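To find a chain, count down the sequence lines: A is the first, B the second, and so on, and within it residues start at 1. Every value quoted in this text rests on a predicted model; they were computed, and no experiment measured them.
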Amino acid sequence: MPEPDNKHRIWQVVHAIPAGRVSSYGRVAKLAGLAGAARLTGHALRGLPRDTQIPWHRVINSQGKLSLPPGGEAYEEQRQRLQAEGVFFTAAGRLRSQDYWWP
DNA sequence: CCGTTGACTTTCG
DNA sequence: GCGAAAGCCAACG
């Protein structure tokens with residue numbers, strides 16, 4: 001077949017992110033062999049079931065912020081989970097660059 | 001098959 | 001630091 005399970009690969013990469021660290025969509029896409037397809041990472045994460053074990057909350061955008069709409073439930077949940085793992089947010093709602101995961 | 005949409009990224013002003 | 005525009009790829013109707 002021409003194309004393997006891209007979503008599955010993205011999930012695998014996301015699952016490889018250690019706790020207390022975060023990564024960006026573009027970074028995950030590149031590690032999954034889909035360089036330049038940052039949006040695919042978003043699609044893959046959006047298609048996750050609620051009872052997934054994938055740490056989707058460790059994936060944020062290149063601006064150091066959450067891509068989810070502020071004020072939404074998913075946004076608060078992601079923020080809460082990250083803080084529970086030791087990741088803190090700045091007053092501007094951005095994550096510390098030192099918490100980024102770099103393989 | 002084609003146009004739109006989207007949990008993105010980069011560049012420019 | 002922020003907003004707008006262009007570029008990128010896959011899923012949807």
Side-chain angles (χ1 to χ4, degrees):
Chain A
M1 293 308 298
E3 59 180 75
D5 309 32
N6 295 328
K7 283 188 188 174
H8 201 271
R9 265 206 310 240
I10 291 175
W11 294 340
Q12 187 173 349
V13 173
V14 173
H15 191 268
I17 302 175
R21 298 286 173 132
V22 296
S23 188
S24 69
Y25 293 86
R27 210 74 56 83
V28 172
K30 185 176 182 181
L31 291 175
L34 299 168
R39 302 191 110 125
L40 275 300
T41 304
H43 266 285
L45 295 183
R46 194 188 183 282
L48 284 172
R50 292 189 174 184
D51 57 359
T52 185
Q53 301 184 32
I54 303 296
W56 57 270
H57 53 275
R58 294 179 192 153
V59 184
I60 60 178
N61 57 24
S62 63
Q63 300 178 1
K65 296 176 168 177
L66 309 184
S67 300
L68 299 160
E73 294 184 18
Y75 181 91
E76 295 299 331
E77 183 179 350
Q78 181 170 18
R79 196 169 110 175
Q80 191 172 4
R81 288 196 182 197
L82 288 175
Q83 287 187 111
E85 293 183 348
V87 178
F88 291 89
F89 290 75
T90 66
R94 279 191 321 219
L95 280 82
R96 303 181 303 181
S97 58
Q98 61 187 51
D99 288 330
Y100 270 74
W101 176 58
W102 190 255

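Taken from CD1 in Ile60(A) to CG in Leu95(A), the straight-line distance is 4.5 Å, to the nearest 0.5 Å. One distance of note links CH2 of Trp102(A) with OG of Ser97(A); it measures 13.0 Å at 0.5 Å rounding.
Between the NZ atom of Lys7(A) and the P atom of dA10(C) there is a distance of 12 Å, rounded to whole Å. For the pair Arg81(A) CZ and dA7(B) P, the computed distance is 19 Å after rounding to whole Å. The distance between atom CG of Leu45(A) and atom C1' of dA11(C), rounded to the nearest whole Å, is 15 Å. When the P atom of dG1(C) is taken as reference, atom CG of Asn61(A) falls 14 Å away, rounded to whole Å.
Against DNA chain B, the stretch residues 92-103 of chain A makes no heavy-atom approach under 4.0 Å. Using a 4.0 Å cut-off on heavy atoms, the residues of residues 25-36 of chain A that approach DNA chain B are Tyr25(A), Gly26(A), listed by number. Within residues 48-60 of chain A, the residues having any heavy atom closer than 4.0 Å to DNA chain B are, in order of number, Trp56(A). Within residues 65-79 of chain A, the residues having any heavy atom closer than 4.0 Å to DNA chain B are, in order of number, Ser67(A), Leu68(A).
Counting only residues at least two apart or in different chains, salt bridge (Lys or Arg N to Asp or Glu O under 4.0 Å) contacts with residues 16-27 of chain A are absent. Residue pairs satisfying the side-chain hydrogen bond (donor to acceptor under 3.5 Å, both in side chains) criterion with at least one member in residues 70-93 of chain A, sequence neighbours excluded, are listed as follows: His57(A)-Glu85(A), Arg58(A)-Glu85(A), Glu77(A)-Arg81(A).
You'll find the side chain of Leu66(A) reaches within 4.5 Å of the side chain of Phe89(A), heavy atoms only.
Neither OP1 nor OP2 of dA7(B) sits under 4.0 Å from any side-chain N or O of Thr41(A). In this model, the phosphate group of dT9(B) is approached by a side-chain N or O of Ser24(A) to a distance below 4.0 Å at OP1 or OP2.
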Show me the protein contacts with nucleotides 1-6 of chain B, counting only N or O atoms at under 3.5 Å.
{"unit_1": "dG6(B)", "atom_1": "N3", "unit_2": "His43(A)", "atom_2": "NE2", "d": "3.4"}

N/O to N/O distances under 3.5 Å, protein versus nucleotides 11-13 of chain B:
none

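For Pro69(A), the side-chain contact (heavy atoms from CB on, under 4.5 Å) criterion is met by no residue, not counting sequence neighbours. Residues passing the side-chain hydrogen bond (donor to acceptor under 3.5 Å, both in side chains) test with Arg96(A), sequence neighbours excluded: Asp99(A). Considering only residues two or more places apart in sequence or on other chains, Lys30(A) meets the side-chain contact (heavy atoms from CB on, under 4.5 Å) condition with Ala35(A).
The minimum heavy-atom distance between Ser23(A) and Val28(A), with the atom names listed, is OG-CG2, 4.0 Å. The minimum heavy-atom distance between Val59(A) and Ser24(A), with the atom names listed, is CG1-C, 4.2 Å.
At least one donor-acceptor pair under 3.5 Å links the side chain of Arg9(A) to the backbone N or O of Ala32(A).
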Side-chain donor-acceptor pairs under 3.5 Å in residues 37-53 of chain A, sequence neighbours left out?
{"unit_1": "Thr41(A)", "atom_1": "OG1", "unit_2": "Tyr25(A)", "atom_2": "O", "d": "3.2"}
{"unit_1": "Thr52(A)", "atom_1": "OG1", "unit_2": "Ile54(A)", "atom_2": "N", "d": "3.1"}

